[in-house]
Colleague: 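One structure is given below, represented as structure tokens, and several questions about it will come after.
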2 protein chains.
Amino acid sequence: MLSKKTKYAFHALTFLGKVGNKKPALIQDISEAYGISHKFLENILLELKKAGILGSKKGKGGGYYLIKDPKDVALSKIIRLLDGPIALVPCVSINYYEPCIECKDEATCGLNKVMIKVRDEMLNVLENKTLADILEKE
Amino acid sequence: MLSKKTKYAFHALTFLGKVGNKKPALIQDISEAYGISHKFLENILLELKKAGILGSKKGKGGGYYLIKDPKDVALSKIIRLLDGPIALVPCVSINYYEPCIECKDEATCGLNKVMIKVRDEMLNVLENKTLADILEKE
DNA sequence: ACAAATCCTATAAAAAAGATAGGGTTTGTG
DNA sequence: CACAAACCCTATCTTTTTTATAGGATTTGT
């Protein structure tokens with residue numbers, strides 16, 4: 001399951017996508033819209049900013065806004081940023097690869113093989129669906 | 001990612017599948033084969049037994065053995081048993097459904113829609129691939 | 001000058017996962 | 001029968017991860 005962090009990120013991005021046009025929205029407004037703790041959301045938005053997805057403006061009239069075109073923000077990007085690997089086992093992760101400690105030989109591991117298949121099917125959706133697809137359906 | 005519990009379950013099932021023919025194998029032997037703690041694995045095998053996937057025999061010459069035909073053990077079954085939901089958000093889980101607290105209206109939630117798609121693609125693999133597929137590739 | 005708002009980092013609290021402990025029960029064998 | 005082998009069961013402990021909070025620093029508009 002996705003962490004709350006990631007889910008909240010998606011909701012916040014959706015909120016900002018609806019506001020649109022680089023108009024800054026307040027953390028406050030987003031957190032109230034979804035009943036998310038202000039401070040928790042603050043950390044999340046900051047990460048999204050550092051990743052180049054959001055921009056921000058300080059002081060009165062400030063807030064966060066979407067920098068990227070929603071159709072250029074793949075779901076996979078957000079998940080990887082906040083949750084880490086998408087794959088179900090580390091030994092088939094593309095971005096967070098690690099050998100499985102209990103596995104002596106990856107080449108002859110049957111689990112490895114089927115998990116590659118699962119990963120590919122997940123990525124097929126998550127890399128191709130974007131924030132724009134979420135917005136379109138709201 | 002899958003928990004270690006689930007990964008270990010897959011490895012243990014593979015081990016037992018290779019032994020085959022309802023010949024009981026010792027916890028000890030499985031745990032040594034993969035470097036898994038004996039006691040931790042014991043709990044896992046017990047759960048698999050309670051779920052009707054494994055059988056066991058006590059006393060000398062005892063152990064655990066596969067009750068089911070490997071091709072009747074879908075990967076999804078093992079994951080759900082030990083890890084819970086396969087879906088990435090609770091509001092699209094088939095077996096562990098829960099509404100998302102931050103979501104006011106599921107019907108108009110864009111995230112919900114794309115996550116149904118992800119879930120279906122995952123299930124398409126996980127319901128159709130079985131222990132037999134893992135065994136075949138080892 | 002002041003207030004509004006983000007920025008930053010640290011820490012606390014809660015939950016989940018991983019691991020261990022230890023006695024109970026069943027069963028084969030001499 | 002006695003005994004040892006092996007699973008059965010449930011509780012607890014430890015570690016890690018996740019979730020949440022705290023509090024001051026910095027920037028900016030009026």
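Residue numbers start from 1 in every chain, and the chains themselves are labelled A, B, ... in the order their sequence lines are given, proteins ahead of strands.
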Colleague: Send over the distance from A:L48 CG to C:dC7 P, rounded to a whole Å.
Modeller: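 For the pair A:L48 CG and C:dC7 P, the rounded distance is 12 Å.
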
Colleague: So do B:S93 and A:M1 actually touch side chain to side chain, heavy atoms under 4.5 Å?
Modeller: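 Of all side-chain heavy-atom pairs linking B:S93 with A:M1, none is under 4.5 Å.
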
Colleague: Output the single nucleotide from C:dC7, C:dG18, C:dT27 whose closest atom is nearest the side chain of B:K58.
Modeller: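 Taking heavy atoms from C-beta onward, the closest nucleotide is C:dT27.
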
Colleague: In terms of hydrophobic clusters joined by side-chain contacts under 4.5 Å, are A:Y97 and A:V89 together?
Modeller: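 Shared cluster, no.
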
Colleague: What's the verdict on side chain to side chain contact (heavy atoms under 4.5 Å, CB included) for B:L66 and B:L131, showing C-alpha distance, side-chain angles and the deciding distance?
Modeller: CA-CA 11 Å; B:L66 207 53; B:L131 183 53; 3.9 Å; yes

Colleague: Assuming nearest nucleotide by heavy-atom distance, tell me which of B:G62 and A:S37 is located more 5' along DNA chain D.
Modeller: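 Comparing both residues, the 5'-ward one is B:G62.
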
Colleague: Starting at atom CD1 of B:I36, determine the distance to atom P of C:dT20, rounded to an integer number of angstrom.
Modeller: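 Taking atom P of C:dT20 as the reference, CD1 of B:I36 is at 12 Å.
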
Colleague: Nearest heavy atom decides the nucleotide; on that basis, is A:F40 or B:E42 closer to the 5' end of DNA chain D?
Modeller: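 Upstream on the strand: B:E42.
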
Colleague: List the steps and the verdict of side chain to side chain contact (heavy atoms under 4.5 Å, CB included) for B:L48 and B:I78.
Modeller: CA-CA 8 Å; B:L48 291 169; B:I78 307 303; 4.1 Å; yes

Colleague: Considering only NZ, NE, NH1 and NH2 on the basic side and carboxylate oxygens on the acidic side, decide whether B:K50 and B:E47 come within less than 4.0 Å.
Modeller: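 Salt bridge flag = no for B:E47 with B:K50.
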
Colleague: Hey, which of B:V118, B:D120, B:N112 is the one that makes side chain to side chain contact (heavy atoms under 4.5 Å, CB included) with B:V92?
Modeller: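 Exactly one option meets the side chain to side chain contact (heavy atoms under 4.5 Å, CB included) with B:V92, and it is B:N112.
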
Colleague: Counting any heavy atom closer than 4.0 Å, what does B:I27 reach on the DNA or RNA strands: base, sugar-phosphate only, or nothing?
Modeller: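 Counting heavy atoms under 4.0 Å across all strands, the contact made by B:I27 is with sugar-phosphate only.
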
Colleague: Which part of the nucleic acid does B:L26 contact within heavy-atom distance under 4.0 Å: base, sugar-phosphate only, or nothing?
Modeller: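 Answer is sugar-phosphate: B:L26 comes under 4.0 Å of backbone atoms only.
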
Colleague: Look at the side-chain N and O atoms of B:K57 and state whether any lies under 4.0 Å from the OP1 or OP2 oxygen of C:dG28.
Modeller: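 For C:dG28, OP1/OP2 do have a side-chain N/O of B:K57 under 4.0 Å.
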
Colleague: Going 5' to 3' along DNA chain D, between which two nucleotides do contacts with chain A fall, using a heavy-atom cut-off of 4.0 Å?
Modeller: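 The contact span of chain A on DNA chain D goes from D:dT19 to D:dG29.
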
Colleague: Please give, in whole Å, the distance from C:dC8 P to A:I44 CD1?
Modeller: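 Nearest whole value for this atom pair: 17 Å.
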
Colleague: Is the closest basic N to carboxylate O distance between A:K77 and A:E127 below 4.0 Å?
Modeller: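 Between A:E127 and A:K77 there is no salt bridge, as every charged N stays at least 4.0 Å from the carboxylate O atoms.
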
Colleague: For A:K39 and C:dA5, give me the distance from atom NZ to atom C1', rounded to whole Å.
Modeller: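 From A:K39 NZ to C:dA5 C1': 11 Å.
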
Colleague: Nearest whole Å is fine: how far is C:dT6 C1' from A:E47 CD?
Modeller: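 Atom CD in A:E47 sits about 15 Å away from atom C1' in C:dT6.
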
Colleague: Reckon B:K7 touches a base, only the sugar-phosphate, or nothing at all at heavy-atom distances under 4.0 Å?
Modeller: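 Nothing, no nucleic acid heavy atom in range.
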
Colleague: If you look at every strand shown and take non-hydrogen atoms under 4.0 Å, does B:Q28 touch a base, only sugar-phosphate, or nothing?
Modeller: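 Nothing, no heavy atom under 4.0 Å.
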
Colleague: Measure the distance from NE2 on B:H38 to C1' on C:dG22 and round it to the nearest whole Å.
Modeller: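 Whole-Å distance recorded here is 13 Å.
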
Colleague: Given atom CG of A:N43 and atom C1' of C:dT11, what is their separation to the nearest angstrom?
Modeller: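 My rounded result for the distance is 12 Å.
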
Colleague: Nearest to the side chain of B:K4, which nucleotide is it out of C:dA19, C:dC7, C:dA4?
Modeller: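 The answer is C:dA19.
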
